[in-house]
Number of protein chains: 2
Amino acid sequence: MATLGDVARRAGVSISAVSRVLSDAPGARVSVATRARIKQAAADLAYRPNFAGRALKFARTDVIALVVPDLTNAFATDLMLGVEDEAAARDHMVLLGRSEDLEPDGEMVSRLVGEGRVDGVLVQVADHRLPAELAPLVQAGHPLVFLNSFQPGHLGGAVLDDEAGARLATEHLIALGHRRIAHVGGLPQSFTARRRLAGFEAAMAAAGLPVPGTAVSRLGYVPADGRAALRRLMAADPPPTALVVANVNAALGVLAEARTLGIAVPADLAVVSVHDAWTAENTWPPLTTVKMPTYELGRAAVRALHERLGGGPGRDEVVADPPPRLVLRESTAAPR
Amino acid sequence: MATLGDVARRAGVSISAVSRVLSDAPGARVSVATRARIKQAAADLAYRPNFAGRALKFARTDVIALVVPDLTNAFATDLMLGVEDEAAARDHMVLLGRSEDLEPDGEMVSRLVGEGRVDGVLVQVADHRLPAELAPLVQAGHPLVFLNSFQPGHLGGAVLDDEAGARLATEHLIALGHRRIAHVGGLPQSFTARRRLAGFEAAMAAAGLPVPGTAVSRLGYVPADGRAALRRLMAADPPPTALVVANVNAALGVLAEARTLGIAVPADLAVVSVHDAWTAENTWPPLTTVKMPTYELGRAAVRALHERLGGGPGRDEVVADPPPRLVLRESTAAPR
DNA sequence: GTGAAAGCGCTAACAT
DNA sequence: ATGTTAGCGCTTTCAC
């Protein structure tokens, strides 16, 4: 790998001249001839500025990290796109990390920011994590923006309007004529799960519909959780005629388990989920969902992080534009 | 962020003493007392070695990059785990990158290795890429290992035994009694698609079964491709009674489209796919698949890269251990 | 047993 | 218009 010195030697000039030219230093007075010689030499040698050299000099990397529990979650696709687009617009690179095991001590984040590998981090905390577990991470005071949750004592978070999303899903079922509607929710400690449940309850209350204790499950966001939830909820007497599922992956499990139990969707049971994904198009029946502005969440999070990096105070933001939108497919219909 | 100098000042010793102690320099003669003082000071200041400083000194980062076209592809889950485990065992960190748009000029790879951000790169090339498009990347001579393809003129690749996988899937259908079996393949330029097709054809030939031109589609690996393929293949007269699908995502499309067309799986049509994923458990009917050793592919690729980084010649490897394994679910059965 | 100093690649303030 | 130099944080050789 060629260095500035190599280029300088080849062009017959000093190192600083090369630096000035190649980094477009403002107000650098360099003759057209030398400038050309330098550019040529750099091209010949396929010169690229050394990352470590720059990082050391500037104490800045222009790299941010995005750490998510499960990168293969369809939720992450749009998020990553949003993060990358906004980062690119600010000439930053994005480094991706998994945090299935984001240790409570925040080792991963410390390694990233503490060792100066990146300037700041976007973290999506796994749903099963308790807020108390994250206290060390929060207290370390790193430039950090939480995705999908606000953390007590920490300013720097970007979340979706989960409540509006769940409300929209619920209202759709109510408009179809359903009255016995149940909720397949996430874990009680999950920030998003609590908000989605609140949205569900708000819509039910607004319509004057009861929500008995047997109409809410709070097991989690993976297909197996959806399966278990369905079995539990359908045991109620009378069983619900419709389901608001808090997460699209759990909804996949709900649909599969409904087939196993011989429950016809949407005839016997209407199903709508919060969050859209490509998988929802390929279920049977195709799944009606509420699409959340996940891409914009990514962009907003990067903006928030940059404010922090620029010395700002940090802030918590609910991403509400565009608002949640119903994607009508075939898993919902009026009750029999 | 504390530096060696900060620690040294606090411990009342020189920078070099601190470096020796904190990096466990072999044969460093440091008194127990100073050693303790230094460790204490470092802990007090939450000292962490600066990444850029080390990288500059060593001209090495101990980071490798894994670049895949679509991180949210379920295929990537096991792969990432394998890569991370093997990298961790060698004290390397893994940096993830998307390459949906891995530019033919290899800009992304140049940025990673050329600027010294990472020591080497694992690249999975998107299926639609033509080998010729990758020539510049290959010629740049970077420490590179290709995943899932061998590139002409490049030594450093790790691939699955696609042929064995497709053969196993096909043999399963033949054993069930099917004779008219069709293949839903990937794009003609795709390395894996060609090998899987070969495995399908080999198994058919071994059983003395014909493969008419109407029994092979080569559209791609996403659900929409599977849908299109199904419509095309079922137009044959007589239509096939079973399908070997080269990819699990395409198989999801096949199943969904079969529902739309009123084709009963497995009664009218048996379906088996190459590659397993959690999604396959939640389709209806649950999808029979051939599980490939994707985790081991990740490990092997890291090993190959490390040999290259250690000055070795690089090599191409087919990961065959464990061998492809049939995961029997409910989408396959004997023909009517 | 401990410290001083050079140098990795880069930029910027300061010469000339 | 161009060159010299200090210094970012780190390791390591050399000196004491």
Side-chain angles (χ1 to χ4, degrees), chain A residues 1-39 41-42 45-63 91 111-119, chain B residues 1-39 41-42 45-63 91 111-119:
Chain A
M1 290 185 303
T3 70
L4 278 186
D6 298 333
V7 177
R9 209 170 314 120
R10 180 172 242 265
V13 296
S14 76
I15 289 185
S16 52
V18 179
S19 173
R20 274 192 286 260
V21 169
L22 297 185
S23 54
D24 286 316
R29 300 161 306 171
V30 181
S31 77
V32 199
T34 15
R35 192 174 287 270
R37 274 215 320 292
I38 290 173
K39 294 230 177 196
L45 298 172
Y47 170 80
R48 292 208 158 236
N50 179 275
F51 172 71
R54 288 181 92 106
L56 193 53
K57 177 71 187 169
F58 291 127
R60 193 165 42 77
T61 61
D62 289 345
V63 178
D91 281 317
R111 200 157 172 192
L112 290 171
V113 269
E115 298 181 3
R117 291 165 187 268
V118 304
D119 295 340
Chain B
M1 290 186 303
T3 70
L4 277 187
D6 297 332
V7 178
R9 208 170 313 119
R10 180 172 242 265
V13 295
S14 76
I15 289 184
S16 47
V18 178
S19 174
R20 274 192 285 261
V21 169
L22 297 184
S23 54
D24 285 317
R29 299 162 308 172
V30 181
S31 77
V32 198
T34 6
R35 192 175 286 270
R37 275 215 318 292
I38 289 173
K39 294 231 176 195
L45 297 172
Y47 169 80
R48 291 205 160 239
N50 180 275
F51 172 71
R54 288 181 93 106
L56 192 53
K57 181 68 190 169
F58 291 126
R60 192 164 44 74
T61 61
D62 289 344
V63 178
D91 280 318
R111 199 157 173 194
L112 290 171
V113 267
E115 298 181 5
R117 292 165 187 268
V118 303
D119 296 339

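These numbers come from the heavy atoms of this one structure, side chains and all, not from hydrogens, waters or symmetry mates. Numbered from 1 within each chain, the chains take letters A, B, ... in sequence-line order.
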For [X] and [N], give me the distance from atom [atom1] to atom [atom2], rounded to whole Å.
X	N	atom1	atom2	value
A/Glu115	D/dC10	CD	C1'	13 Å
A/Leu56	C/dG7	CG	C1'	12 Å
A/Lys57	C/dT11	NZ	C1'	5 Å
B/Leu4	D/dG7	CG	P	18 Å
A/Phe58	D/dG9	CZ	P	14 Å
A/Asp6	C/dC10	CG	C1'	13 Å
A/Arg117	D/dG9	CZ	P	17 Å
B/Ile38	D/dT11	CD1	C1'	14 Å

* Structure fact -> Residue pair B/Ser31/B/Gly53 against DNA chain C: nearer the 5' end by closest nucleotide is B/Ser31

* Asked: Does B/Arg20 use its side chain to pair, donor to acceptor, with the backbone of B/Ala25 at less than 3.5 Å?
  -> no

* Asked: Any idea which heavy atoms bring B/Arg37 and B/Gly12 closest together, and the distance?
  -> NH2-O, 4.1 Å

* Non-hydrogen side-chain atoms of B/Arg54 and B/Asp62 separated by less than 4.5 Å -> no

* Does B/Asp119 reach the side chain of B/Val113, with side-chain heavy atoms less than 4.5 Å apart? -> no

* Asked: Between B/Phe58 and B/Arg60, is there a cation-pi geometry (under 6.0 Å to ring centre, at most 45° from the normal)?
  -> yes

* Structure fact -> Sorted by number, residues from residues 12-23 of chain B placing a heavy atom under 4.0 Å from DNA chain D are B/Ile15, B/Ser16, B/Ser19, B/Arg20

* Respond yes when some side-chain nitrogen or oxygen of B/Arg54 is under 4.0 Å from OP1 or OP2 of D/dG9, and no when none is. => no

* To do: Could you check whether A/Tyr47 gets within reach of a base, just the sugar-phosphate, or nothing at all, counting any heavy atom under 4.0 Å?
  => sugar-phosphate

* Taking side chain to side chain contact (heavy atoms under 4.5 Å, CB included) as the test, write out the residues that go with B/Leu4, two or more places apart. => B/Ile15, B/Val18, B/Ser19, B/Leu22, B/Tyr47

* State the OG1-CZ distance between A/Thr3 and A/Arg48, to the nearest 0.5 angstrom. => 15.5 Å

